[in-house]
There are 2 protein chains.
Amino acid sequence: MPRTKEDDARPVRGKAATINDIARLAGVSKKTVSRIINRSPLVRADTRDKVETLMREVGYVPDPMARGLAFRRSFLIGMIYDNPTAQYIVDIQYGALDALRDSGFELVVHPCDSRSPNYVDGVRRFVQQQKLHGVMLVPRVSEDQALADMLDDVGCRYARIAAVALDAPDRIVVTHDRDGAAEVADYLQSLGHREVAMITGPAAYRSAIERTHGFVGALQRRGIELPPSRLVEAGYTFESGVAAAEKLLGAKKRPTAIFCGNDEMAAGVYRVALRTGIQIPKQLSVVGYDDSPLASRLWPPLTSVRRDTRDTGRMAAAMLLQTDGAPRPLSSVRPHLVIRDSCQPPA
Amino acid sequence: MPRTKEDDARPVRGKAATINDIARLAGVSKKTVSRIINRSPLVRADTRDKVETLMREVGYVPDPMARGLAFRRSFLIGMIYDNPTAQYIVDIQYGALDALRDSGFELVVHPCDSRSPNYVDGVRRFVQQQKLHGVMLVPRVSEDQALADMLDDVGCRYARIAAVALDAPDRIVVTHDRDGAAEVADYLQSLGHREVAMITGPAAYRSAIERTHGFVGALQRRGIELPPSRLVEAGYTFESGVAAAEKLLGAKKRPTAIFCGNDEMAAGVYRVALRTGIQIPKQLSVVGYDDSPLASRLWPPLTSVRRDTRDTGRMAAAMLLQTDGAPRPLSSVRPHLVIRDSCQPPA
DNA sequence: CTGAAAGCGCTTACAG
DNA sequence: CTGAAAGCGCTTACAG
């Protein structure tokens with residue numbers, strides 16, 4: 001193997017350079033190198049330049065475990081989540097990794113079961129053992145105040161992702177689900193629908209509550225009342241969507257439009273409509289929420305509310321990296337309706 | 001807050017116990033505690049019992065950063081992947097976490113772009129900076145020999161997931177895609193189909209090659225020849241599936257059955273069939289591969305090859321934890337056909 | 001089977 | 001603005 005210049009610059013062949021190598025080669029103390037690593041302003045500009053150039057030449061990168069041990073805090077960001085859809089998990093991860101790129105931080109995934117009585121303890125052990133720098137809390141665990149309180153207790157910073165601002169601006173990314181659902185109501189009303197229904201997610205989810213309130217409220221403002229029989233709670237799953245659709249479409253007076261709390265449940269409505277010969281959108285308009293890949297795989301392609309999940313993940317991770325404590329504006333991401341072919345004016 | 005017994009057992013209030021605390025409390029040297037942490041046999045049974053009991057009482061867990069620094073190797077497993085579907089990524093992650101639970105290891109995710117010319121360098125930096133204990137290689141990066149060679153070079157153990165045994169048994173989980181595809185061929189033949197077509201994944205993917213060979217070979221064995229015009233290469237995406245289906249279904253003599261290299265492309269066939277008024281399964285049988293959630297959301301529900309992705313991830317991670325070097329049988333996972341409603345005998 | 005010393009690669013606390 | 005000493009919580013190498 002030919003030796004390159006870079007190889008020769010390496011202080012000890014075959015072993016990565018350490019802070020001591022850099023200090024020796026630069027003719028400064030390791031403490032000065034440490035200051036540069038940690039972006040301390042207390043270093044003369046020319047000293048900084050000299051050392052930084054050397055670090056680049058040698059390909060020096062500080063050891064995260066050594067730094068972590070000394071700091072008593074790792075360079076790991078945890079992602080805590082319960083059971084969202086695969087696409088949502090992956091999008092949040094991609095977004096988080098966007099923010100973490102070249103930061104020296106890495107993303108550690110930690111799914112958990114929030115129905116288990118001691119899941120908060122499980123998260124605490126994870127956080128403490130790994131001395132995590134911070135954690136991202138994804139719905140629905142992000143809505144659990146007991147979890148947030150525990151993290152405060154053990155001094156672990158966190159970033160929550162939630163439908164509303166249920167925490168301080170430096171600890172939350174707000175997704176404004178209410179607005180997304182309101183846009184759906186406006187759209188359906190503009191098409192002329194008055195016999196409208198909604199299949200909601202579980203009332204235990206804040207997102208479900210917000211989407212329901214947003215939808216019902218916007219309808220009311222436009223003079224449309226949603227009777228309780230037209231509001232069916234389901235479980236955010238395909239199967240629960242099927243069951244809810246059977247209830248709504250089996251009624252003596254069918255709605256002309258159904259808004260579903262997510263795309264999975266909308267797929268359930270499609271299933272029932274196909275089975276019972278109800279044509280979408282001719283006889284029934286359907287709207288989903290998430291704008292998942294599924295929305296464009298269905299036929300007709302499903303009109304759905306898009307949420308910029310990757311941006312959401314990016315913001316949450318970025319929040320954990322910002323340690324200067326400077327006040328920051330509320331991080332929020334706006335949903336918006338993506339109109340496809342699943343709606344038309346009622347017959 | 002009431003003080004519990006456990007609180008009082010903590011050597012220093014508010015700070016986690018260290019190996020020194022355990023050694024002092026147990027009346028042994030820290031080296032003995034270290035031996036117990038590392039499951040060394042060179043400890044008397046009663047010493048071991050005494051110390052282990054104490055560790056449990058105190059809630060002592062060794063600091064992974066301190067251990068990692070001393071070992072020059074972290075307790076992190078990396079998961080390297082390019083661009084599979086979200087469900088696949090998440091299933092592999094869940095499986096890996098099953099294997100890692102209570103092991104003291106954590107999972108760090110690292111997507112990359114294998115089309116980028118220096119992605120191998122990117123992975124090397126990741127692996128070396130974090131001193132990873134090992135990495136899981138997911139298709140398609142798992143098929144890249146240059147990547148595996150680099151990992152060997154830098155002394156990082158790895159576990160590849162691939163359609164065939166392209167590495168030693170202690171470094172690979174084989175998914176036998178050929179067998180899954182052959183089962184599809186047998187099934188379609190048993191229904192009486194002879195005018196069969198296949199939409200394959202990209203020829204650069206080993207999974208695509210194996211599924212194609214498995215399908216074509218099994219058909220041949222049953223006396224069915226697949227002309228080149230009936231073998232259309234696509235890109236494992238919905239859109240490419242649509243384009244391939246248009247080609248196949250626009251031909252003067254249509255096939256009576258189409259096998260797709262994955263469910264996404266099968267959804268593309270559904271789309272074209274719906275648009276052109278071809279009824280599934282009456283006029284056209286369709287089979288997918290993956291058995292993703294999408295398969296059961298489509299109408300009619302899609303017959304598809306299931307692969308036990310979570311098991312696959314579990315095996316790959318378990319492989320990285322086994323460090324005794326004992327010889328092990330080849331890890332492999334068998335695909336099998338899940339029959340739904342998208343096929344019937346040809347008209 | 002057990003232990004005292006040195007070291008892993010960094011940072012903190014203090015001094016200048 | 002810079003540095004020498006001590007320490008973070010473990011393990012290795014050696015000795016007994």
Side-chain angles (χ1 to χ4, degrees), chain A residues 10-12 14-52 55 58-76 104-105 128-131 133 323, chain B residues 10-12 14-52 55 58-76 104-105 128-131 133 323:
Chain A
R10 286 239 158 76
V12 185
K15 277 198 57 179
T18 73
I19 197 173
N20 289 307
D21 298 318
I22 299 296
R24 182 168 38 73
L25 262 48
V28 299
S29 77
K30 61 200 281 194
K31 178 59 206 171
T32 297
V33 180
S34 172
R35 284 198 180 88
I36 289 165
I37 292 169
N38 293 293
R39 312 201 185 297
S40 158
L42 304 177
V43 182
R44 257 184 21 224
D46 56 334
T47 309
R48 175 184 303 278
D49 286 350
K50 182 176 64 181
V51 175
E52 282 182 341
M55 296 199 298
V58 174
Y60 168 74
V61 183
D63 182 324
M65 288 186 291
R67 292 230 287 163
L69 178 59
F71 272 136
R72 293 157 194 79
R73 164 160 286 173
S74 77
F75 289 85
L76 300 175
F105 287 85
Q128 291 192 306
Q129 281 173 29
Q130 300 298 324
K131 295 197 170 69
H133 179 268
T323 53
Chain B
R10 285 238 159 76
V12 185
K15 277 197 60 178
T18 72
I19 196 173
N20 290 307
D21 299 317
I22 300 297
R24 182 169 37 74
L25 262 49
V28 299
S29 78
K30 62 200 278 193
K31 177 59 206 170
T32 297
V33 180
S34 172
R35 284 198 180 87
I36 289 165
I37 292 170
N38 293 293
R39 310 199 185 299
S40 159
L42 304 176
V43 181
R44 258 184 19 223
D46 56 335
T47 309
R48 175 184 303 281
D49 286 350
K50 182 176 65 180
V51 175
E52 280 181 342
M55 295 199 298
V58 174
Y60 168 75
V61 183
D63 182 325
M65 287 186 292
R67 292 230 289 164
L69 180 58
F71 272 136
R72 293 157 193 77
R73 166 161 285 174
S74 77
F75 290 85
L76 300 176
F105 287 86
Q128 291 192 305
Q129 282 175 27
Q130 300 299 325
K131 294 197 171 68
H133 179 267
T323 54

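On a predicted model such as this, the values are computed, not experimentally measured, just so you know. Heavy atoms only: backbone and side chains are in, while hydrogens, waters and symmetry mates are out.
Considering only side-chain atoms of B:Leu69, the nucleotide from D:dC10, C:dT2, D:dG9 that sits closest is D:dG9. Of the listed nucleotides (C:dT11, D:dC10, C:dG9), C:dG9 has the atom at the smallest distance from the side chain of A:Ala66. The side chain of A:Leu42 lies closest to D:dC1 when the candidates are D:dA4, D:dC1, C:dC8.
The phosphate of D:dG3 has OP1 or OP2 within less than 4.0 Å of a side-chain N or O from A:Ser29. In this model, the phosphate group of D:dG3 is approached by a side-chain N or O of A:Thr32 to a distance below 4.0 Å at OP1 or OP2. Contact check, A:Thr47 against D:dT2: a side-chain N or O comes under 4.0 Å of OP1 or OP2. Remark: B:Arg44 is not in phosphate contact with C:dC1, judged by side-chain N or O atoms under 4.0 Å from OP1 or OP2.
Rounded to an integer number of Å, the gap from CG of A:Asn20 to P of C:dC10 is 8 Å. The separation between A:Gln129 atom CD and D:dC10 atom P is 12 Å, rounded to whole Å. The interatomic distance linking B:Phe75 (CZ) with D:dC10 (P) rounds to 11 Å, in whole Å. D:dG7 atom C1' lies 16 Å from atom CD1 of B:Ile19, rounded to whole Å. Put simply, NZ on A:Lys30 is 9 Å from C1' on C:dT11, counting in whole angstrom units. Separating the CD atom of A:Gln128 from the P atom of D:dG9 is a distance of 14 Å, rounded to the nearest angstrom. Look at CG on A:Asp63: it is 14 Å from C1' on C:dG7, rounded to the nearest Å. One interatomic measurement links the two molecules: CD1 of A:Ile36 to C1' of D:dT2, which rounds to 11 Å at whole-angstrom precision.
At the heavy-atom level, B:Pro64 lies nowhere under 4.0 Å from the strands shown. Contacts of A:Tyr60 with the nucleic acid, taken as non-hydrogen atoms under 4.0 Å apart, involve only primed sugar atoms and P, OP1 or OP2.
Taking a pair to require two hydrogen-bonding distances under 3.5 Å in either a Watson-Crick or a G-U wobble arrangement, C:dA13 remains unpaired. Pair assignment for D:dA4: none, as no Watson-Crick or G-U wobble contacts are both less than 3.5 Å.
Separation of atoms OH (B:Tyr60) and CD (B:Glu52) is listed at 12.5 Å; rounding is to 0.5 Å. The OG1 atom of A:Thr32 sits 9.5 Å away from the NZ atom of A:Lys50 when rounded to the nearest 0.5 Å.
Using a 4.5 Å heavy-atom cutoff, the side chains of B:Leu76 and A:Leu76 are in contact. Residues B:Phe71 and B:Asn38 are in side-chain contact: their nearest non-hydrogen atoms beyond the backbone lie under 4.5 Å apart.
A distance-only check finds a donor-acceptor pair linking the side chain of B:Ser74 to the backbone of B:Lys131 [under 3.5 Å]. Checked by atom type and distance alone, the side chain of B:Arg39 never pairs as donor or acceptor with a backbone atom of B:Ile37 at under 3.5 Å.
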- Can you check side-chain contact (heavy atoms from CB on, under 4.5 Å) on A:Arg48 and A:Arg44, steps first, answer last? CA-CA 6 Å; A:Arg48 175 184 303 278; A:Arg44 257 184 21 224; over 6 Å; no
- Would A:Ile19 and A:Ile22 satisfy side-chain contact (heavy atoms from CB on, under 4.5 Å), going step by step from the backbone distance to the final call? CA-CA 5 Å; A:Ile19 197 173; A:Ile22 299 296; 5.5 Å; no
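Toward the 5' end of DNA chain C, the nearer of the two residues B:Gly27 and B:Lys131, judged by each one's closest nucleotide, is B:Gly27. Nearer the 5' end of DNA chain D, as judged by each residue's closest nucleotide, is the contact made by A:Arg48, out of A:Arg48 and B:Met65.
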Would you tabulate the pairs of protein nitrogen or oxygen atoms and nucleotide nitrogen or oxygen atoms of nucleotides 12-16 of chain C closer than 3.5 angstrom?
none

